[in-house]
Structure formats: C-alpha cells, structure tokens
Amino acid sequence: MSYPAAIFRRVVAVCAAAALTATAWAAPATAVAVSIAPAPLQYVALGDSYAAGYGAEATRDACGRTAAAYPALLARESRGALALRNASCIGATTADVIRQSSVLGPRTGLVTITAGANDLSIKQILQTCMTPVFAAACQRENVTVNRKLATVLPRDLNRMIRTVVTAAPAARVVITGYPLPFAKNRQCTTVPVNARLRTRANQVISRLNRVIATAAARNKVRYVDVEQSFAGHGLCSPRPWLVGAEGMRDNRVLHPTATGHARGYLPAVAASGLADRA
C-alpha cells in the first residue's frame, strides 16, 4: 500500500525547519547548483503494545516492537521523510507513556500515541467475566471500569498529553483510539466469549475511544478514530484483523494483525491531517 509522498513533505514543511541550500560554484561559462535535501522529520511513537506492533509478527524485542507496527509502516511509507524512534512497550499505561516521553525534545517533529486500554485492564476483565463462577467479581470489575472511565482516565490522559506536548513543543501530536474487538455477529464459533460479553467489551472500547477523543480535543492535539477502518474486521468476522483465540497463551489475543496495522491503523493515521493544525 502506498500513500502520497506529498503528505510527508507537508509534515516536514509544517512541523520542522526544513532546509534546502543551493551553492553555486563558479567556473568558466558554467554554474553547478548543489542542493542539500531536508533532514528527515524526527518521529517518536509512544504507547502500548498496539503502537509496538506486538502480535503482528514474531518479535524478540523485550517491548514487543515489530516492523509491522503502524509507526514503522508510516515511517517506511514516508520514503525517508520521517526518522522513527519507537519508544512504545507492551503493557504500557498512560503513566508509562509519561516516562516514555523522556525521549522527546525540541527537535521532535511528530509524535503518535496509542494508550489508555491498559489503564482499564480490559483483558483481565474479559478473562474474569468469561467464567460464570466469577459473576460477582465480574460485576465489581465493571463498576471499577465505569468509575475509571468517568473520572480517573480523563485525568490521566490529560496529564499524559500535557507532558508530551511540553516535552516536544514543536511536535505535531496525534493520539489514536482502538478498534472494537468484536464484530456485531450473533454467532461466534471462533472465540469462546458469549454475545453479552462481546457487546459489553465493544461498549467499553467505544467509551474509551470517546474519552481519548475528548482529552485530545481539550489539549488541542489530533485524535485518530480507527473504529471505522476496522469495521467488519473484528473477531467473529470472516476476515478478522485482530488476533483471536490462538493468541491467548502468549497474550497476543485482541492485538492487531499485520493486516490490521497495514489496512486499519496506517491509512487512518496517514489520512488524519498530519500537516494541519488541530
């Protein structure tokens, strides 16, 4: 998949001080122009395993980072206009992203962030609620999630975004949402999760995305919605772009596949108006 190089040239023009120098060398009846190409825009990816690309392909990286992750694809598609440093890591919360922001600086021109899901411990909740004997614990977990979404997570997201913006004052900051985990099918033979729990999981992620979008708007950074780009490709669909039950042992379940990054995250981020002001 190829995206117009113009978007990356505009990113460089808006977010970085690109330089093009021409030097003329005098010679009898000739003049040779020598140009220096603009330095690549310094791009830093922050966040959790979704930003790392864990689950998209095999990795030996302690943080689960892979070349199939959307930040790596974005940098590759820029054809040299973006120089990527991926500081994301599996399990990262908004507090961890604040620590990751130590790699940012005044020369950082673009920052992408995917974070927030681990603050809610969504996978643990799904595991608890899948077993009927844990019904009381499941109810307590749901109450905790609702409270975090209402009060705790908005505060933590605001703190995270403000830290990033302060650490990279010249950067364009883009924060993404998450795909809904399950397709809206009544039957699902590939994932051992009942319809009620699948609906609840989608509701939680949808609400999480709204909380992230609100925090982005409040802090004047760009929010990227990926729900639509993944529509029809959740688990239980004929062609899922998320790792299913086969990833339960090594915690890859619910992570985007290589196709999910390439056809879900990448086009949404690339088309998000990277060169526009929020």
Side-chain angles (χ1 to χ4, degrees), residues 40-78 82-105 107-128 148 153 156-157 159-161 163-164 167-168 171 173-179 181 205 208 212 224 226 230 235 240-266 269:
L41 189 69
Q42 299 303 303
Y43 166 32
V44 178
L46 307 176
D48 57 25
S49 51
Y50 276 55
Y54 181 69
E57 65 180 25
T59 178
R60 294 183 178 179
D61 185 293
C63 279
R65 291 176 287 246
T66 74
Y70 78 83
L73 298 179
L74 187 64
R76 193 178 310 153
E77 291 290 340
S78 77
L82 297 175
L84 170 66
R85 178 171 183 176
N86 194 337
S88 61
C89 197
I90 53 176
T93 63
T94 53
D96 292 316
V97 172
I98 289 176
R99 286 185 281 273
Q100 292 171 9
S101 68
S102 63
V103 304
L104 303 175
R107 294 186 179 181
T108 306
L110 175 64
V111 179
T112 58
I113 310 169
T114 303
N118 287 321
D119 293 66
L120 301 179
S121 303
I122 291 172
K123 288 182 182 177
Q124 291 87 330
I125 295 170
L126 280 174
Q127 291 173 346
T128 300
K148 287 182 176 179
L153 189 57
D156 291 346
L157 285 166
R159 183 180 299 153
M160 178 191 75
I161 296 171
T163 300
V164 169
V173 178
V174 177
I175 184 167
T176 78
Y178 293 86
I205 294 299
L208 168 62
I212 295 172
V224 174
V226 296
F230 275 84
L235 297 183
W241 290 353
L242 300 173
V243 179
E246 70 276 12
M248 293 185 71
R249 286 188 176 182
D250 56 5
N251 204 32
R252 291 180 299 116
V253 64
L254 296 181
H255 286 87
T257 62
T259 302
H261 280 279
R263 300 180 64 181
Y265 268 99
L266 177 61
V269 173

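As the structure is a computational prediction, the values presented were derived from the model and not from experiment.
Looking at heavy atoms from C-beta onward, Leu157 lies in side-chain contact with Ile212 at the 4.5 angstrom threshold. Counting heavy atoms from C-beta on, the side chains of Pro179 and Val226 come closer than 4.5 Å. With contacts defined as side-chain heavy-atom distances shorter than 4.5 Å, the pair Thr66/His261 does not qualify. Considering only heavy atoms from C-beta on, Leu242 comes within 4.5 Å of Pro256 through its side chain. Using a 4.5 Å cut-off on side-chain heavy atoms (C-beta onward), Leu153 and Leu208 make contact. Residues Val111 and Ile113 form a side-chain contact, since some pair of their non-hydrogen atoms from C-beta on lies under 4.5 Å apart. Side-chain contact between Tyr178 and Leu254: absent, with no pair of heavy atoms (C-beta onward) separated by less than 4.5 Å. Side-chain contact between Tyr43 and Thr112: present, with at least one pair of heavy atoms (C-beta onward) separated by less than 4.5 Å.
Defined by atom type and a distance below 3.5 Å, a donor-acceptor pair is missing between the side-chain atoms of Thr59 and Asp61.
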For this session: Check the pair Tyr70, Thr114 against side-chain hydrogen bond (donor to acceptor under 3.5 Å, both in side chains), reporting the backbone distance first and the verdict last.
Result: CA-CA 11 Å; Tyr70 78 83; Thr114 303; 2.7 Å; yes

Exercise. Run the side-chain contact (heavy atoms from CB on, under 4.5 Å) check on Val243 and Tyr54 step by step: do they pass?
Worked result: CA-CA 10 Å; Val243 179; Tyr54 181 69; over 6 Å; no

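Listed by first then second residue, pairs satisfying salt bridge (Lys or Arg N to Asp or Glu O under 4.0 Å) with a partner in residues 82-98 read Asp96-Arg99, not counting sequence neighbours.
Judged by distance alone, with hydrogens and angles left aside, the side-chain atoms of Glu57 form no donor-acceptor pair with the main-chain N or O of Gly55 at under 3.5 Å. Under a 3.5 Å cut-off, the side chain of Asn118 and the backbone N or O of Ala92 do form a donor-acceptor pair. Of the possible donor and acceptor atoms, none in the side chain of Arg159 sits under 3.5 Å from a partner among the backbone N and O of Thr94.
Taken to the nearest 0.5 Å, the CD1 atom of Ile161 stands 4.5 Å off from the CD1 atom of Ile175. In this structure, CG in Leu120 is found 7.5 Å from CD1 in Ile205, a value given to the nearest 0.5 Å. The OG atom of Ser88 lies 7.5 Å from the CG atom of Asp48; values are rounded to the nearest 0.5 Å. Put simply, OG on Ser101 and CE on Met160 are 10.0 Å apart, with the number rounded to the nearest 0.5 Å.
Ring pair Tyr50/Tyr265 is perpendicular by interplanar angle, where above 60° counts as perpendicular and below 30° as parallel.
Evaluated for a side chain to side chain contact (heavy atoms under 4.5 Å, CB included) with Leu46, the options Ile98, Val164, Asn86 yield exactly one hit, Val164.
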